[in-house]
Every structure is written in C-alpha cells, then in structure tokens.
Amino acid sequence: MASIDSYLHIIGIGLLLILAIVLPLIDRPPTKRVLSKLFLTVLGFMLTHFATHALPNKLAGFIYSSQHEYHSLKAKTPHRT
C-alpha cells in the first residue's frame with residue numbers, strides 16, 4: 001500500500017496539471033487572478049516539500065546550527081575535515 005506522502009504527491013501534481021490547462025482558457029480577470037494565486041501556492045508547497053525530501057540533513061543542520069546545545073554535544077567519533 002502506498003504511503004500518504006505518495007498520495008499527496010499525486011494530488012499536488014494532478015492539481016497543478018489541471019490548473020495549467022484551465023488557466024489559459026479563462027478570460028475573466030478576477031477568476032484568472034484567483035486561479036493563478038492558487039497555482040503558485042500549490043507549486044510553492046510542492047517545491048518546499050521537495051526541498052525537505054531532497055535536503056533533510058542540510059535542513060536539519062541549518063535549523064539546529066543556531067542552538068547552543070547542538071554545538072555543545074561531544075562527538076563520539078573523531079572529527080574529520
């Protein structure tokens with residue numbers, strides 16, 4: 001059985017495809033503006049989600065780098081440069 005993450009990927013990609021097809025067909029500016037914002041919002045969430053999948057260790061290192069407790073832990077393995 002697929003995970004919920006896979007389902008969210010499929011739903012997000014499907015929604016982006018539908019919006020990409022429908023946007024050029026709409027002539028009314030208010031409706032087009034709302035759908036354009038929706039498209040950009042979904043695309044932003046998908047890109048952010050991809051970034052958290054592609055860079056989990058880098059992202060965690062960035063988040064924890066500002067924490068003093070993170071730096072004060074002694075490494076059990078020798079430090080390599």
Side-chain angles (χ1 to χ4, degrees):
M1 182 173 183
S3 68
I4 192 159
D5 191 48
S6 300
Y7 290 129
L8 290 176
H9 288 179
I10 293 169
I11 291 170
I13 291 170
L15 185 57
L16 286 176
L17 287 174
I18 290 169
L19 288 171
I21 292 169
V22 169
L23 273 171
L25 302 175
I26 295 177
D27 295 328
R28 293 180 47 207
T31 307
K32 192 168 194 139
R33 188 178 321 116
V34 168
L35 290 177
S36 295
K37 287 182 182 180
L38 179 63
F39 179 83
L40 291 175
T41 302
V42 172
L43 182 63
F45 276 115
M46 293 292 288
L47 289 175
T48 303
H49 185 71
F50 173 74
T52 58
H53 274 294
L55 305 169
N57 292 334
K58 297 284 185 186
L59 187 64
F62 173 75
I63 291 171
Y64 289 114
S65 65
S66 64
Q67 302 295 323
H68 174 69
E69 295 83 14
Y70 179 75
H71 291 292
S72 64
L73 294 175
K74 300 292 182 195
K76 294 180 180 169
T77 59
H79 179 67
R80 298 179 190 199
T81 57

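As the structure is a prediction and not an experimental result, all values here were calculated from the model.
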Step through the shown structure and confirm whether more than 12 heavy atoms of other residues, nucleotides or ligands are within 6.0 Å of CG on L17.
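Count over threshold, so yes.
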Table please: side-chain donor-acceptor pairs of residues 18-47 below 3.5 Å, with sequence neighbours left out.
residue: K32; atom: NZ; partner: L23; partner atom: O; Å: 3.3
residue: K32; atom: NZ; partner: I26; partner atom: O; Å: 3.4
residue: S36; atom: OG; partner: K32; partner atom: O; Å: 2.8
residue: T41; atom: OG1; partner: K37; partner atom: O; Å: 2.7

Residues two or more places apart in sequence or in another chain: which of them pass side chain to side chain contact (heavy atoms under 4.5 Å, CB included) with S6?
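Only A2, S3 meet the side chain to side chain contact (heavy atoms under 4.5 Å, CB included) criterion with S6.
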Output all residues satisfying side chain to side chain contact (heavy atoms under 4.5 Å, CB included) with H9, sequence neighbours left out; order by chain, then residue number.
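Counting only residues at least two positions away or on another chain, H9 forms a side chain to side chain contact (heavy atoms under 4.5 Å, CB included) with D5, H49, H53.
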